[in-house]
Amino acid sequence: MKKIYLMALFSIIILGCQSTKNIDNIYTSDSRAKQEFSRSHDWVSAWNSCKGLVALKNDGSLWQFGRTGGCDWGQIEITLPHLTKEYLYRLKAKKIGEGFNNAKIINGGYRMYAIKKDGTLWGWGEGFNTRPTKLSSSRDWVNFGIEWEGNGCCAYDIGLKEDGTLWGFSDFSNFSKKKQIPELKQISQQRNWDKITFGCCMIFGQKKDGSLWESYHNEKSNNISFKKVTKKSMLDGVISYSTLLSKIKDISSGDIRSSHVTGVDIKVRKDGTLWLLPEVAHK
């Protein structure tokens, strides 16, 4: 009888553990880091995707905790005295892709991009599918950058190819509904771009010959065009020539610098385990 009781108790514990592992979002009053449910020792890198987390394993598989998107950059949150803090954990992951060994991951919060070892470009998040989708058959992508609108400024999703050309998306609005890849278009016929950074509704670039350029809206073509930057031409600009030089100098060759793009921002422990901090909520 005692043996049967112990077996029943053990079964209840096992079922309890299994049901716990099926919980994706957990609210708790504990704000300490918690280990993700699989307790894997195979994690390599992880990125904060605003309402979730994207993580990479050493076999090249890509995993999503929560979702990519829903960022609240710059939002002012008002907390009333009677509200209490609760902490939302997302500890259960689902596999969203494979073959991302040594891929370059670009985290834009709302959207994420990846350039695989074979030079192909992939994207997922808001405006895309929830899983990485190949965005171009080209195998010569170098980098990608994301700048989001806000405070009267414009949004850009811009990529750089090996031949020094710049490419971007014109529209994301219908992709999720029609399941069609949004069209990548060459932004300017000019080539030999080496470094790119963003201003408010402006794109600044340095070419491989060291010359500096700034974008403007071309009314004739209704598109983006570029003109050469000089110290004199920027006297009345929103950014000074010296500031631009400093920003460009700080950028590596082949880089696209954005205020909303981050690198690996969640540390994987030395033993390959992944521990996650919660999102603060008020109830």
Side-chain angles (χ1 to χ4, degrees), residues 21-26 36-40 42-72 88-146 148 155-159 167-185 256 258 260-266 268 272 274 276 279:
K21 286 191 176 183
N22 288 329
I23 298 173
D24 191 359
N25 298 340
I26 299 175
E36 52 81 26
F37 280 152
S38 75
R39 300 186 182 277
S40 170
D42 298 327
W43 300 106
V44 177
S45 303
W47 299 263
N48 185 341
S49 61
C50 291
K51 294 298 180 183
L53 170 83
V54 175
L56 178 69
K57 284 191 172 183
N58 58 20
D59 63 357
S61 60
L62 209 58
W63 298 74
Q64 180 78 55
F65 296 82
R67 69 183 179 92
T68 295
C71 306
D72 295 327
L88 174 62
Y89 286 89
R90 298 178 180 88
L91 302 176
K92 181 184 176 184
K94 60 181 179 181
K95 185 189 287 188
I96 60 172
E98 295 181 332
F100 288 88
N101 314 66
N102 300 314
K104 182 179 183 63
I105 307 292
I106 300 101
N107 178 17
Y110 290 92
R111 282 191 285 277
M112 296 187 72
Y113 293 95
I115 299 173
K116 288 189 175 183
K117 287 192 301 183
D118 63 2
T120 54
L121 177 67
W122 298 69
W124 67 101
E126 292 187 13
F128 291 143
N129 285 325
T130 55
R131 294 174 177 268
T133 302
K134 187 189 284 188
L135 303 176
S136 166
S137 58
S138 300
R139 294 175 175 264
D140 56 353
W141 292 96
V142 175
N143 212 329
F144 219 90
I146 308 158
W148 283 89
Y156 298 104
D157 286 52
I158 292 177
W167 297 73
F169 290 107
S170 57
D171 184 27
F172 289 93
S173 58
N174 296 319
F175 177 59
S176 298
K177 296 177 181 178
K178 296 182 178 179
K179 300 300 180 185
Q180 295 176 345
I181 299 173
E183 185 180 3
L184 270 165
K185 295 182 178 180
I256 300 178
S258 166
H260 291 152
V261 177
T262 62
V264 178
D265 49 17
I266 297 172
V268 173
L274 186 58
L276 307 178
E279 176 186 332

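One distance of note links CG of Leu53 with CG of Leu276; it measures 5.5 Å at 0.5 Å rounding. Note that the OH atom of Tyr110 and the NZ atom of Lys51 stand 10.0 Å from one another [nearest 0.5 Å]. In this structure, the separation between OG1 on Thr68 and CD on Glu126 is 9.0 Å, given to the nearest 0.5 Å. Rounding to the nearest 0.5 Å places OG1 of Thr120 at 10.5 Å from CG of Asp140. One distance of note links NZ of Lys185 with CH2 of Trp167; it measures 11.0 Å at 0.5 Å rounding. A distance of 11.0 Å separates OG in Ser138 from CG in Asp118, rounded to the nearest 0.5 Å.
A donor-acceptor pair is defined here as one N or O able to donate and one able to accept, closer than 3.5 Å; no such pair exists between the side chain of Arg90 and the backbone of Glu279. Side-chain N or O atoms of Asn107 include one that pairs as donor or acceptor with a backbone N or O of Asn48 at under 3.5 Å. In terms of modelled atom types and a separation under 3.5 Å, the side chain of Tyr156 and the main chain of Gly145 share no donor-acceptor contact. Within the 3.5 Å criterion, the main-chain N or O of Asp42 finds a donor-acceptor partner in the side chain of Ser40. Of the possible polar contacts, one joining the Asp59 side chain to the Ser61 backbone as a donor-acceptor pair under 3.5 Å is found.
Across all non-hydrogen atoms, the minimal contact from Ile158 to Ile256 is O-CD1, 3.4 Å. Minimum interatomic distance between Ser136 and Leu184 (heavy atoms only, all atoms of both residues): CB-CD1, 4.1 Å. For Leu91 against Ile26, the heavy-atom pair with the smallest separation is CD1-CD1, 4.2 Å. Summarising the geometry of Leu274 relative to Ala46, their closest heavy-atom pair is CD1-CB, 4.0 Å, with the distance given to 0.1 Å. Considering every non-hydrogen atom in both Gly70 and Cys50, the closest pair reads C-CB, 4.1 Å. Here the closest heavy-atom approach between residue Lys92 and residue Phe37 is recorded as CB-CD1, 3.8 Å.
Considering only heavy atoms from C-beta on, Trp122 stays 4.5 Å or farther from Arg131 through its side chain. Two residues are said to be in side-chain contact when any heavy atoms from C-beta on lie closer than 4.5 Å; Leu62 and Val54 meet this criterion. Two residues are said to be in side-chain contact when any heavy atoms from C-beta on lie closer than 4.5 Å; Gln64 and Ser49 meet this criterion.
Between Tyr113 and Phe128, the ring-plane angle classifies as perpendicular under the 30° and 60° cut-offs.
Residues forming a side chain to side chain donor-acceptor pair (under 3.5 Å) with Arg67 (at least two apart in sequence, or on another chain): none. A search for ring-ring contact (aromatic ring centres under 6.0 Å, His included) contacts involving Tyr89 returns nothing, not counting sequence neighbours.
Looking only at atom types and distance, the side chain of Trp43 has a donor-acceptor partner in the side chain of Glu36 under 3.5 Å away. Side-chain N/O atoms of Ser45 and Trp47 include no donor and acceptor closer than 3.5 Å.
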Do any side-chain atoms of residues 95-106 form donor-acceptor pairs under 3.5 angstrom with protein atoms, and if so which ones, sequence neighbours left out?
residue : atom : partner : partner atom : Å
Lys95   : NZ   : Glu98   : OE2          : 3.0

